[in-house]
Amino acid sequence: MANTKTATLTIDGESYELPIHSPTAGPDVLDIRKLYGQAGVFTYDPGFTSTAACDSTITFIDGDKGELLHRGYPIDQLAGQSHYLEVCYALLYGELPTAAQLEKFESTITRHTMIHEQMHNFFRGFRRDAPPMATMVGVVGAMSAFYHDSTDINDEHQREVASHRLIAKMPTIAAMAYKYSIGQPFVYPRNDLDYASNFLNMCFSVPAEEYHVNPILARAMDRIFTLHADHEQNASTSTVRLASSSGANPFACIAAGIACLWGPAHGGANQACLEMLKEIGSVDRIPEFIARAKDKNDNYRLMGFGHRVYKNFDPRATVMKESADEVLELLGVEDNPLLQVAMELEKQALADPYFAEKKLFPNVDFYSGIILEAMGFPTDMFTPIFAMARTVGWISQWKEQLADPQLKIGRPRQLYMGETARDYTDIENR
Ligand code: SDX
């Protein structure tokens, strides 16, 4: 990492030179790795709003321009011209595959989609009404018990096998979590179907009748996977990196990422957004909800709006909206009341100075829930679908971190504001 510039920090009359590194895109970074050793001070950045936790070559976001690049390729081009498994290859290996590389990769993923038959019993230990996210966190964490032969992170081949197993098996696990939650039999993956069609078939087919995947829905599903594949160092990816820095096995790291994604401020927002649209119910109630979101004394937020990095539109939301229009038209529900509420909410929010000033625009979760609901998924399957799609991003970042010769266990410090040392007092003296 070449650096040609430095910054001078002066504390109590002492000056310290801190290197500045310039990226290929985005802001310069101030290298503070030696700061505590030299100056005896920590930096303070709760929420890491101004902190680069690593260097990476995978994904770049320009929040002001509304730009998202995966290995340099703009997300709108990938969503429009590529497909999810090709994007997976680029995220994992750095370049778009040749035809031969893609065929081999797709064949490998296809042949890893079944899960160990004994894992079926694992599902049956959950309450019948267990939300699919709870089941997914448990089952993915348990993969280290069933696939112990791909948990040695120091073995390149095992890392590769674990990566393929996770990308291949997440749709199967998500579909099984869904089937279990609705009391229907599990549907095995089929090798004659593409990735998105396979997932739809495992979710919606039943033994009692033929199920034919609608190619437009499969295309929309594949596009949703692509739009959720990776997103720099977001909360769940940072969780995976931190878990991996201790040497934890890949399945444990991905389970940690799923757990973090679950929150409504992150991957749980697509479910929360649809539940919000249902609560609003009709366009005449929108002003009431916008007023609540603006009320400083009310911590209510409009789900699907705002983003830590995008202070302009989220390019994924733009593509997602196009898919929403296609799917709803196909299903003959273009006058879907939820979509009407969503469109009017977006219009009123963006016209409101509060949202404009705080640069709160619809994010990726704003339209995805509408598509998923129109496709027949219950809201508690929205975040599992996000987790499935994001697995390739988590795994790509996990691989990149393990290959970093500077890798250390992540161990942030703190600004301690508690009691200084004091003596223990016996209970009768308290
Ligand atoms: C994802 O990081 C990623 O890349 C995430 C993600 C990915 O692909 O991995 O993009 C996926 O998580 C998308 C975000 C999904 N979450 C939501 O839609 C939930 C609603 N959004 C908010 O919770 C919020 O916008 C966050 C968490 C997304 C971002 O919050 P920030 O950047 O930490 O900003 P903040 O909470 O400090 O808010 C800044 C101001 C505050 O007002 P003030 O205190 O300055 O007066 O904006 C307000 C907030 O109250 N605000 C909102 C709001 N979001 C922020 N007000 C109303 N509605 C909202 N949605």
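Predicted model, so just to flag it, every value in this text is computed and none were measured. Here, residue 1 is the first one in the sequence, and each next residue gets the next number. Ligands are counted one by one from 1 in listed order, and the atoms in each one are counted from 1 as well.
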Should one rank [options] by closest heavy-atom distance to [atom], which comes out on top?
{"atom": "atom 28 (C) of ligand 1", "options": "Ala389, Gly306, Ser236, Gly263", "answer": "Gly306"}
{"atom": "atom 13 (C) of ligand 1", "options": "Asp365, Leu68, Thr59", "answer": "Asp365"}
{"atom": "atom 8 (O) of ligand 1", "options": "Arg316, Glu232, Met276, Arg301", "answer": "Arg316"}
{"atom": "atom 7 (C) of ligand 1", "options": "Arg390, His228, Lys359", "answer": "Arg390"}

Which ligand 1 atoms, with their elements, are less than 4.0 angstrom from a heavy-atom of [X]?
{"X": "Met303", "result": "18 (O), 19 (C), 20 (C)"}
{"X": "Arg308", "result": "29 (C), 31 (P), 32 (O), 33 (O)"}
{"X": "Gly304", "result": "17 (C), 18 (O)"}
{"X": "Lys311", "result": "32 (O)"}
{"X": "Ala269", "result": "15 (C), 16 (N), 17 (C), 18 (O)"}

Are more than 12 heavy atoms from other residues, nucleotides or ligands located less than 6.0 Å from atom CD of Gln340? yes
For [atom], the protein heavy atom that lies nearest, with its residue and separation:
{"atom": "atom 60 (N) of ligand 1", "result": "Leu302 O, 2.8 Å"}
{"atom": "atom 51 (N) of ligand 1", "result": "Leu360 CD1, 3.7 Å"}
{"atom": "atom 2 (O) of ligand 1", "result": "Asn234 CB, 3.4 Å"}
{"atom": "atom 16 (N) of ligand 1", "result": "Ala265 O, 3.0 Å"}
{"atom": "atom 21 (N) of ligand 1", "result": "Phe305 O, 2.9 Å"}
{"atom": "atom 43 (P) of ligand 1", "result": "Lys358 NZ, 3.6 Å"}
{"atom": "atom 4 (O) of ligand 1", "result": "His231 ND1, 2.6 Å"}
{"atom": "atom 6 (C) of ligand 1", "result": "His307 NE2, 3.6 Å"}

Evaluation steps, side chain to side chain contact (heavy atoms under 4.5 Å, CB included), between Gln233 and Phe48: CA-CA 10 Å; Gln233 307 311 317; Phe48 312 117; over 6 Å; no
Under 4.0 Å from ligand 1, counting heavy atoms only, is it the side chain of Tyr354, its backbone, both or neither? side chain
With a 4.0 Å heavy-atom cut-off (strictly under), which part of His266 contacts ligand 1: side chain, backbone, both or neither? both
Would [X] and [Y] pass as an ion pair if we require N to O under 4.0 Å?
{"X": "Arg219", "Y": "Asp222", "value": "yes"}
{"X": "Glu160", "Y": "Lys399", "value": "yes"}
{"X": "Arg159", "Y": "Glu156", "value": "yes"}

Lys296 touching ligand 1 at heavy-atom level, < 4.0 angstrom: yes
Decide whether the shortest distance between a heavy atom of Cys273 and an atom of ligand 1 is less than 4.0 Å. no
Please check if a non-hydrogen protein atom sits closer than 4.0 Å to [atom].
{"atom": "atom 49 (C) of ligand 1", "value": "yes"}
{"atom": "atom 39 (C) of ligand 1", "value": "no"}
{"atom": "atom 34 (O) of ligand 1", "value": "no"}

Plane angle bin for [Y] and [X] - parallel if under 30°, tilted between 30 and 60°, otherwise perpendicular:
{"X": "His307", "Y": "His231", "result": "perpendicular"}
{"X": "Phe42", "Y": "Tyr36", "result": "tilted"}
{"X": "Phe126", "Y": "Phe122", "result": "perpendicular"}
{"X": "His116", "Y": "Phe146", "result": "tilted"}

I want to check a possible cation-pi pair here: Arg165 against Tyr147, using under 6.0 Å from ring centre and within 45° of the ring axis as the test. no
Are Phe377 and Phe382 near enough that their ring centres are under 6.0 Å apart? no
Would you confirm whether the ring centroid of Phe225 sits within less than 6.0 angstrom of the ring centroid of His83? no
Would Tyr180 and Arg128 satisfy side chain to side chain contact (heavy atoms under 4.5 Å, CB included), going step by step from the backbone distance to the final call? CA-CA 7 Å; Tyr180 186 73; Arg128 261 287 180 230; 2.7 Å; yes
Regarding Ser56 and Glu232, is there a side-chain donor-to-acceptor distance under 3.5 Å anywhere? no
State, to 0.1 Å, how close Met303 and Pro264 come at their nearest heavy-atom pair, and which atoms those are. SD-O, 3.8 Å
What do you reckon, does Tyr300 have a nitrogen or oxygen under 3.5 Å from a nitrogen or oxygen of ligand 1? no
Hey, is ligand 1 close enough to Asp314 that some N/O pair sits below 3.5 Å? no
